[in-house]
Protein chains: 2
Amino acid sequence: MPLPAPIYHLHSPCSSCNLAELCLPADLSANEMHKLDELSTVKRSFARSDYLYRSGDKFRSLFAIHSGSFKTQILHEDGREQVTGFQMAGEIIGLDAISTDIHACDAVALESCVVCELPFNKLEALSREIPLLQRHLHKIMSREIVRDQGIMLLLGSMRAEERLAVFLLNLSQRFAARGLSPTQFQLRMSRQEIGSYLGLKLETVSRAFSHFQSERLINVKVRTVEILDLAGLQACLNNTR
Amino acid sequence: MPLPAPIYHLHSPCSSCNLAELCLPADLSANEMHKLDELSTVKRSFARSDYLYRSGDKFRSLFAIHSGSFKTQILHEDGREQVTGFQMAGEIIGLDAISTDIHACDAVALESCVVCELPFNKLEALSREIPLLQRHLHKIMSREIVRDQGIMLLLGSMRAEERLAVFLLNLSQRFAARGLSPTQFQLRMSRQEIGSYLGLKLETVSRAFSHFQSERLINVKVRTVEILDLAGLQACLNNTR
DNA sequence: CGAGATTTTGAATTGGGTCAAGTTATGTGG
DNA sequence: CCACATAACTTGACCCAATTCAAAATCTCG
C-alpha cells in the first residue's frame, strides 16, 4: 500500500506541507515563505475511519492533507447521506465551515492520513499581508465552487455509466498530477461511498464497473483499477445518449 | 434543511447596493463605509434574457444584484445544460470565475435587473485594509460552497417531489428574508429551468406541481404560486420514502 | 481459519423519462 | 386593444434505466 506522494505545487520540500494547495505559482520572498512556514506548526495523524472533524464542530482551522485521503459527507437527519467529495494529498479541506464558523459536514479518513492544521485567523492575517496568498486563497475557494457545480451537472444530467466514467477520469487526472500512474490505482472508497457521491446505489456502481470491464475499457478487481482505454472512457461522455 | 437559508444584511438603504450581501453585520467606520461606497460606481441594467456574463468571458468583477433575478447555467458541449442556481436581489454573482479568471458559467437575466459591478481587484485591496470585509467575503464564498453541497444532497438522494418541495421552501425563505410574502409569489423561471436545476424533466416538475395542488399543499397557476401548507411541504421531506 | 463486511449478479419492480396531443399564456404587429 | 402566432404548460400512455430485493461469491482481518 504505497502512500500517495504529496507532490502538488510543492516548491519547498515540505517542512511546510501546509503550503500544498496554498503554495503560489508566483514566487514569494524568503521572508514571506518563512511566515507561511510558521503558519502551520501542528501536524496530526489519522487512522482509517477517524474523523478529521464532524458536522457541528466549531471551526478554527483549515487542513492541508499531507498524505492519505478523506471523504466528506453530509448526514441528513432522516438517515440520508451524501458524500460530497473525496480529498487527497495536497488538497485543502474545511472550506465549508467558514460560512458559519461551524463545520457543515463530516470529514472521515479513508486510510492512514497526515494533515497540517492551518489556523484560519492566522491565514487571514497573513493573506492581508501577502496579496499573492490572498488571491490564492480566493482561487482555492472558487475552485471548490466550480468543482461542486461540475458535480451538480453530473448528478443532474448524466446517466449511471457516464457518472462513473467521469469519476474514474477525474481520479486518473488527480493521480497523474501527483506523479502517480493515471491508469493503475487503488480505490480507497467502497462501492457504497462511490454510489453516494455519484447519486447511485452501490449495485448500480458495481454493474457499471462490470460493464466497463466487459467493454475492455478497464480491468477492475474490487478496489484495484486499471484503465485500459482512457479515450474510450472519455467517449462514454460524448454519446449524447 | 437541505438548502441553508441565505442571510442578507441589507441595512444601508442602497446608495451602495453593492454592499448588499457584502455588508457586514458588525459596523464599519464611516471612513470604511465611504471606501466601500466608492467600490462600485457602475450600475448596469438588463432586460429579460440578457446575459450578465457568458462562460469564457474574462473575469474582472463580481456583481451585486440590486433588483431582479438571474439564473446561472453550465452548457456542456454535447448540449446538456444544467442550471446551477437562481440568484435574487442582494446576492453576489460571479464567484466561480475567480478560480481561473474566466467565467465558468452563463448568467442570464430572468426579468428586468439592475446590478452593481464590483471590480474584484479593488474588492481584494479593500478587504486587505478592512478585516471585517475580508471575513465577510470569505463567508460569502463559503456559503456558496455549502449551498452547492446542499444541492448535491438534493440531486443525489431526493425524489422528484422532495426536490420540488425543497425548491419551494427555499424560495419562500428567500422572499421572506426580503420582506416579501413567504407564501405568495411569482416564479421567474420556466418549468424547464426548474427542471434543469432540480435534475428533472419539465413534465415531471409540472406533474409534481399538480400533485401538490391536489394534496392542497399549494395553489399553482402557471407561474403564480401560493403555499397553503408550509408544514405539509416540509413534511414531504421527512417521509423517508 | 473463520466471521463479518463488501462486492457481484440475477430477477422483479418502479419512478421518472419519453413521446404525443391538447390547452393556456404571452407577446407582437396591425 | 385585438388577433394571431409562438412559447410554455398540462396531462395521458407507454417505456426503460436504475432501484429493490435476494442470494451467492469474494475479500479482509483478527
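Only a predicted model underlies this, so the values are computations on that prediction, with no experimental measurement involved. Sequence lines set the chain letters: A, B, ... in the order given, protein chains first and strands last, and positions in each chain run from 1.
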### Message
Quick one, B:Leu237 and B:Leu169 - any side-chain contact, counting heavy atoms below 4.5 Å?
### Response
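In short, these two side chains touch, coming nearer than 4.5 Å.
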#### Entry: Side-chain heavy atoms of B:Val108 within contact of B:Leu52, under 4.5 Å
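Contact flag for B:Val108/B:Leu52 side chains = no.
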Can you tell me how far [atom2] of [N] sits from [atom1] of [X], to the nearest Å?
X: B:Leu198; N: C:dG17; atom1: CG; atom2: C1'; answer: 15 Å
X: B:His211; N: D:dT10; atom1: NE2; atom2: P; answer: 15 Å
X: B:Phe209; N: C:dT24; atom1: CZ; atom2: P; answer: 19 Å
X: A:Ile194; N: C:dT6; atom1: CD1; atom2: P; answer: 13 Å
X: A:Met158; N: D:dA17; atom1: CE; atom2: P; answer: 18 Å
X: A:Arg159; N: C:dT18; atom1: CZ; atom2: C1'; answer: 13 Å
X: B:Leu200; N: C:dG16; atom1: CG; atom2: C1'; answer: 8 Å
X: A:Leu164; N: C:dT7; atom1: CG; atom2: P; answer: 13 Å

Under 3.5 Å, N/O pairs linking protein and nucleotides 11-14 of chain D:
from, atom 1, to, atom 2, distance (Å)
D:dT11, OP2, B:Ser210, OG, 2.5
D:dG12, N7, B:Arg207, NH1, 2.9
D:dG12, O6, B:Arg207, NH2, 3.2
D:dA13, N6, B:Arg207, NH2, 3.4

### Query
Around atom CZ of B:Arg48, are there more than 12 heavy atoms of other residues, nucleotides or ligands at under 6.0 Å?
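No, the 6.0 Å shell around CZ holds no more than 12 heavy atoms from other groups.
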### Task
Kindly write out the residues that satisfy ring-ring contact (aromatic ring centres under 6.0 Å, His included) with A:Phe63, not counting sequence neighbours, or none if the list is empty.
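Not a single residue meets the ring-ring contact (aromatic ring centres under 6.0 Å, His included) criterion with A:Phe63.
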### Task
Could you pull out all residues at least two apart from A:Phe59 that satisfy ring-ring contact (aromatic ring centres under 6.0 Å, His included)?
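For A:Phe59 the ring-ring contact (aromatic ring centres under 6.0 Å, His included) partners, ignoring immediate neighbours, are A:His103, A:Phe120.
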### Message
Classify A:Gly199 by what it touches in the nucleic acid, base, sugar-phosphate, or nothing, heavy-atom distance under 4.0 Å.
### Response
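If one applies the 4.0 Å heavy-atom cut-off, A:Gly199 turns out to touch the sugar-phosphate alone, with no base involved.
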### Task
Could you tell me if the ring centre of B:Phe86 sits under 6.0 Å from that of B:Phe70?
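When the ring centroids of B:Phe86 and B:Phe70 are compared, they turn out to be at least 6.0 Å apart.
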Check nucleotides 24-27 of chain D against the protein and report each pair of N or O atoms closer than 3.5 Å, with its distance, or say if there are none.
from, atom 1, to, atom 2, distance (Å)
D:dC27, OP1, A:Lys221, NZ, 3.2

### Query
In residues 186-193 of chain B, what residues come within less than 4.0 Å of DNA chain C, judged by heavy atoms?
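Under 4.0 Å from DNA chain C: no residue of residues 186-193 of chain B.
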### Query
What pair of heavy atoms forms the shortest contact from B:Arg147 to B:Glu144, and how long is it?
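Taking every non-hydrogen atom into account, NH2-OE2, 3.0 Å.
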### Message
Please give me the minimum heavy-atom distance between B:Ile93 and B:Gln87, naming the atom from each residue.
### Response
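Closest approach of B:Ile93 to B:Gln87: CD1-OE1, 3.7 Å.
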### Task
Kindly state each residue pair satisfying salt bridge (Lys or Arg N to Asp or Glu O under 4.0 Å) with at least one member in residues 64-74 of chain A, sequence neighbours excluded.
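Applying salt bridge (Lys or Arg N to Asp or Glu O under 4.0 Å) to every pair that reaches into residues 64-74 of chain A, excluding sequence neighbours, yields A:Lys71-A:Glu193.
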#### Entry: Quiz item: cation-pi between A:Arg178 and A:Phe175, 6.0 Å / 45°
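That pair does not qualify as a cation-pi contact.
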### Query
If you measure from the Lys or Arg side-chain nitrogens to the Asp or Glu carboxylate oxygens, is any gap between B:Lys43 and B:Glu117 under 4.0 Å?
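Looking at B:Lys43 and B:Glu117, the cut-off is not met.
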### Message
Check the phosphate of C:dT7 against A:Arg223, side-chain N and O only, distance under 4.0 Å to OP1 or OP2. Yes or no?
### Response
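So the side chain of A:Arg223 is within the cut-off, an N or O lying under 4.0 Å from OP1 or OP2 of C:dT7.
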### Upstream residue (5' side of DNA chain C) when B:Arg163 and B:Arg48 are each assigned their closest nucleotide
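Whichever sits nearer the 5' end wins; that is B:Arg163.
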